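Data first, discussion second: the structure below is written as structure tokens.
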Amino acid sequence: MLSGKRILLGVTGGIAAYKAAFLLREFQKAGAEVRVAMTPSATRFVGAETFSSLSRHPVAVDIFPDSSDSGDSWTRHIQWGEWADLFVIAPCTANTLAKIVHGLADNMLTSTVLAARCPILICPTMDGEMYQAPATRKNLEQAHNLGYHVLEPEEGYLASGLEGKGRLPEPQQILQYSTELISSVYTGGVLAGKTVLVTAGPTREHIDPVRFISNPSTGKMGFAMAEAARQLGAEVILIHGPVQLSPPAGMETIEIETAQQLFEAVKTYADADIVIMSAAVADFSPSEYHEQKVKKEQAESEIKLTSTPDILSWLGHKKRDGQVLIGFAMETENLLENASRKLNEKNIDWIVANSLTEPGAGFAVDTNAVLLLGNSRQEQLSGSKKELAREILDLIFNSK
Ligand code: C5P
């Protein structure tokens, strides 16, 4: 997919700048032509000559080229912005991220971001505390809102000697992400032009302001489904309950807390071409909500419950022609039987059934083992949640 593609690699001033040299090689091995723009502080970590030798092209640092950049002019950021099919900024420091989301153009790299006509992938890389700092969180959110693609950093050992989230993902992973990005943008993808509504994570049904009924869903599977749909070119709306995950890049995200709020949000997008209900919706909610925290001494030993609306069933019974509805089911017994009953009763097209008793499947873990059940098809699948999400969509939409 990268063969013949032109990638502009932006390198900023973090210790992970050295990894950008390996990334450049990966891009080249995949057939891409690469040019490099560095911030002035990046050159303190790795010499520009390293990148110019590897890319066989002068490296741009300042807006005003020096005499060695023959043939280039001070409008080089415009030319490079037009030239690139993809702009990957790896590593991207907190400082450059902040500049990008505020539209600053004080060096070649940030100016080219403004001039670029291609998708831009930001790989934020920094110390864990800097990554968690409120300003960085806000800037990342803004980056998502502005349509930049963001590849989250990894957890692990950091140059500061501390452990945390902020490591640049390995070059192979950035390569893979870039390839997917390019394929969804430039080939259209099998879901191009489609609107996909995905729900993810748990709901919380409050008893009083501090107590609620919920489940251990982390939203991982639903977020993976949303990302996979986006990679296939869909316009994705992700509605999710309380989770610890950062919102995936390139989609609208809506946060809800209760099943009723989820229902209201789903209604707004109920005519989406495809709906993927991966949320672990609480089936019951307390009949009575106490405005104040219930005192231990006053607590009753029984809580009366009311059923929450079955959102998927509501969608299934008003399904329009051509709409595809995909549900999830979490079972502890009789997987196939229960899943096929739900498929029929809810009037949906596909159900992804998890058995909670299967090792490596279910809540919180990164892997899953599922039974994908359609009206005339049945597939047993397993793997990481990200792989599975892609496989499920590939099977349903014949995108392979
Ligand atoms: O019937 P059961 O709750 O097992 O079905 C699970 C599927 O139904 C999931 O796709 C879930 O998102 C959806 N669901 C729903 N509304 C509920 C409960 C579950 O849409 N109240």
Side-chain angles (χ1 to χ4, degrees), residues 196-206 212-226 228-229 236-243 253-272 274-287 305-319 323-358 361-364 368-375 381 385 388-389 392-393 396:
V196 178
L197 172 65
V198 182
T199 68
T203 66
R204 284 181 183 171
E205 312 303 322
H206 276 272
F212 54 80
I213 297 174
S214 191
N215 58 65
S217 167
T218 55
K220 282 184 182 170
M221 192 65 213
F223 274 51
M225 294 300 296
V236 181
I237 300 119
L238 172 63
I239 308 178
H240 66 85
V243 291
T253 49
I254 298 162
E255 283 183 53
I256 52 89
E257 194 174 16
T258 65
Q260 189 59 41
Q261 287 167 359
L262 178 61
F263 192 24
E264 297 308 323
V266 167
K267 279 183 195 166
T268 316
Y269 298 97
D271 64 346
I274 299 158
V275 182
I276 305 176
M277 278 292 299
S278 14
V281 190
D283 290 315
F284 309 100
S285 130
S287 306
L305 299 173
T306 311
S307 296
T308 56
D310 189 325
I311 303 166
L312 189 54
S313 187
W314 178 84
L315 284 167
H317 290 95
K318 66 181 288 298
K319 192 160 102 78
Q323 190 178 38
V324 179
L325 299 181
I326 306 168
F328 275 68
M330 185 71 94
E331 303 293 341
T332 52
E333 56 184 357
N334 305 333
L335 186 69
L336 179 59
E337 202 181 308
N338 286 328
S340 19
R341 185 177 43 79
K342 282 178 191 174
L343 189 72
N344 294 326
E345 281 178 7
K346 292 180 197 258
N347 194 35
I348 59 175
D349 304 284
W350 296 90
I351 196 142
V352 183
N354 302 262
S355 165
L356 263 184
T357 49
E358 191 107 0
F363 292 123
N368 211 352
V370 301
L371 173 73
L372 174 67
L373 196 65
N375 288 311
L381 310 168
K385 286 185 175 170
L388 262 185
I392 291 168
L393 295 185
I396 295 179

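What you are looking at is a predicted structure, and each value in this text was computed from that prediction instead of being measured. Just so you know, ligand 1 is whichever comes first in the structure, and atom 1 is the first atom listed for that ligand.
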*Got a salt bridge between Lys342 and Glu331, using NZ or NE/NH1/NH2 to carboxylate O under 4.0 Å?*
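Salt bridge: yes.
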*So which heavy atom on Asn338 is nearest to which on Glu333, and how close?*
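Minimum heavy-atom separation between Asn338 and Glu333: ND2-O, 2.9 Å.
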*If you take all heavy atoms of Leu343 and Asn375, which pair is closest and at what distance?*
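That closest heavy-atom pairing would be CD2-OD1, 3.6 Å.
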*Partners meeting salt bridge (Lys or Arg N to Asp or Glu O under 4.0 Å) with Lys267 (sequence neighbours left out)*: Glu264
_salt bridge (Lys or Arg N to Asp or Glu O under 4.0 Å) involving Glu255 - partner list, sequence neighbours excluded_ =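 Applying salt bridge (Lys or Arg N to Asp or Glu O under 4.0 Å) to Glu255 gives none.
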_Results of side chain to side chain donor-acceptor pair (under 3.5 Å) for Ser278 - residues two or more places apart only_ = none
*Tell me the residues surrounding ligand 1, counting only those with a heavy atom closer than 4.0 angstrom, sorted by chain and number.*
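Close residues (ligand 1, cut-off 4.0 Å): Met277, Ala279, Val281, Asp283, Thr308, Pro309, Asp310, Ile311, Leu312, Gly327, Phe328, Lys342, Lys346.
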